[in-house]
Amino acid sequence: MSYAESILVIEDDERIREIVVSALRDVARVVRGVATASDALASIRAEPPGLVVLDLGLPDADGGDTCRRIRELSGAPIVVLSARHQEAEKVALLNAGADDYVAKPFSLPEFVARVLAQLRRANMYGSGRPERLALGDLVIDLDRRTAARAGEPIRLTPVEWNLLRVLAAQPGRTFTHQQLFHAAWGKTYGDAQQHLRVHITHLRRKIERNPADPELIVTEPGVGYRCEAPPTGGHVSDP
Amino acid sequence: MTEAVRQPPRRRLALWAGWLLAMAAVTIVLRVTREAADLSHVELVYLLLVLGASATGGGAIGVVMAAASVACIDFFFQEPFDLISVDKRVDMLVLVTFLLTAMVATALLTRARRQAAEARRSAADARRFADEAARAEAAAEASRLKELTLAAMSHDLRTPLTSISAHAQALAAAGDPAGVTIAEQAALLSRLVEDALGFVETDIGTQARDVEVNTADDVIGALVRQTRPLLEGKHLVVDIGSADQPLLGRFDFVQTLRILTNLVENALRYTAAGGSADVAVAAVGGWLQFTVADRGPGIAPSEAEAVFTPFYRGGSRPAGRSGLGLAVARRLATVQGGTLTHASRPGGGTVFTLRLPPAGGTE
């Protein structure tokens, strides 16, 4: 079963490229592998992929620039692989248009799960803006601006609602603190940005089964937050 | 006069004495030859003396020399000679002109000297600033170089590990028992590399980087998620308190998470299969206090501080670890203005306590 027509893997290390390409064979009908940024851009122009896996240590171009140039050509989700674990770098890449970031050395099942989450989201968008989002037994009604868990309504403040709406609309996408802040507040209120984490904590205490072990809103340390639960009742399921 | 003040007293004295002696000598010579000399020649010689004195000794000596010159010219070289008298057939115009010329020249020279001194001072300042800038740049360059080396090292270590563990995981998934072993060992090696890199990193960065308002809930949630692969049949029991409001602190999220991860990893090492390590958080006197407890053999008093030293390996420690986890944790706690200590746990085992400073500031 394949979730995407094609995936492009940009990775200069041949051995890692091979293993990534073969791990994604079950996910997409065609998986292409290239070693340089220039080959990648040519490939994207010739045949737009449904998802891009981008390694950051490319020999011919800076990772952030490559990310931006791919974003100019394609709206496909970009999952970044990197062996340098600098939080500032992750933030810069996500702000440059990447959707998620996986640190090397990675666990293969986790990597595939992150790719699948991106494809699910892309498919979700393909069928237009949904009225309702389901995260496990949490149901979010976007039109009525309400959330309920197992039929039980949850009272959210406007800021909490905005955060939940933004995160849940794009499950699998890692939002930087800054992106979430702009999405939830609209503009910069100086110090208020510091309280993003406090609002997320309040939101978790309302929607998570166990706030000490959150499953719906996951922290990406030093980077931001990601909604991780798979939407139930959708048209795709895990293999 | 600022210039005169700045000269050393002995040098100033020597200058005054020198010029006054020169004036006396000149006066004697001119006095001997006064019948042959014209008054204007005499005045020129005195003028030269005044200018010389001003140029080397400053304004004060110039003024005194000018006044003395006027007196000498009046006394010795205006008829009737050798007599101070207001009734002399004095060429007032000549005397006044002499005095004005001497004064103006003295003022000009004094100003020129001051400007020259200022120029010298600014040049010295500029040199000092340039030196300081160069030193700062060299330090920044060294630190940048260290960071680049670290980044290159981490890339070079993690890339082959990625390849090894990915292949091993693929083999393990296909049912190859060797694949399972390789994957486990690669995971262990990865943790050692992260420990070592983390240690080098804390050596370079001596400050907390992103101290912000954070919640204890958030860091505990990330901790639970991050340590899940380490459990191997053991449990992590977490208590985030029963208060309605989440506990807040101002701390570096990534550094604090690393401290707690290292402590939990350490606690799990001394936890038997089926047993649990316990994490709790509380506000104690405004400080945020995390505790990580195990039921291990405890730490002997003789090892109390040694466990925080890099590469320390106590006698009872299982092999296969870097001996850096607690050293890194202690450093990261100190860097944030916090403390990391341990104590015996009632009923057996050890409790590590991380205290982070009160939120304050924006709250």
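By convention in this document, chain letters (A, B, ...) are assigned in the order of the sequence lines, proteins followed by strands, and residues within each chain are numbered from 1.
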Under 4.5 Å from a heavy atom of chain B, the part of [X] involved:
| X | result |
| --- | --- |
| A/Ser22 | neither |
| A/Ile19 | side chain |
| A/Phe111 | neither |
| A/Val218 | side chain |

CZ/A/Arg15: more than 12 non-hydrogen atoms of other groups inside 6.0 Å: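 No, not enclosed.
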
Residues in residues 221-228 of chain B that sit under 4.5 Å from chain A, counting heavy atoms only: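 Those residues of residues 221-228 of chain B which have a heavy atom under 4.5 Å from chain A are B/Gly221, B/Ala222, B/Val224, B/Arg225, B/Gln226, B/Arg228.
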
Toward chain A: residues of residues 160-170 of chain B with heavy atoms under 4.5 Å: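 Under the 4.5 Å heavy-atom cut-off, B/Leu161, B/Thr162, B/Ser163, B/Ser165, B/Ala166, B/His167, B/Gln169, B/Ala170 qualify.
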
Options B/Asp218, B/Ile220, B/Ile240, ranked by heavy-atom pairs under 4.5 Å with chain A, top entry: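 Highest number of heavy-atom pairs under 4.5 Å: B/Asp218.
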
Most chain A-contacting option - heavy-atom pairs closer than 4.5 Å, from B/Thr215, B/Leu257, B/Leu157, B/Val279: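 Winner by heavy-atom pair count: B/Thr215.
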
A/Arg197 to B/Val213 - nearest heavy-atom pair and separation: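 Shortest heavy-atom separation between A/Arg197 and B/Val213 comes out as CD-O, 3.1 Å.
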
From CG (A/Leu81) to CZ (B/Arg158), nearest 0.5 Å: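 Atom-to-atom, A/Leu81:CG and B/Arg158:CZ are 13.5 Å apart.
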
Atom pair NE2/CD of A/His177 and B/Glu212 - distance to nearest 0.5 Å: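 Answer for the NE2-CD pair, A/His177 versus B/Glu212, is 7.0 Å.
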
Side-chain ion pair, A/Arg205 and B/Asp217, N-O less than 4.0 Å: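 Result for this pair is yes, salt bridge flagged.
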
A/Val198 and B/Leu248, any side-chain heavy atoms less than 4.5 Å apart: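 They are in contact (side-chain heavy atoms under 4.5 Å apart), so the answer is yes.
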
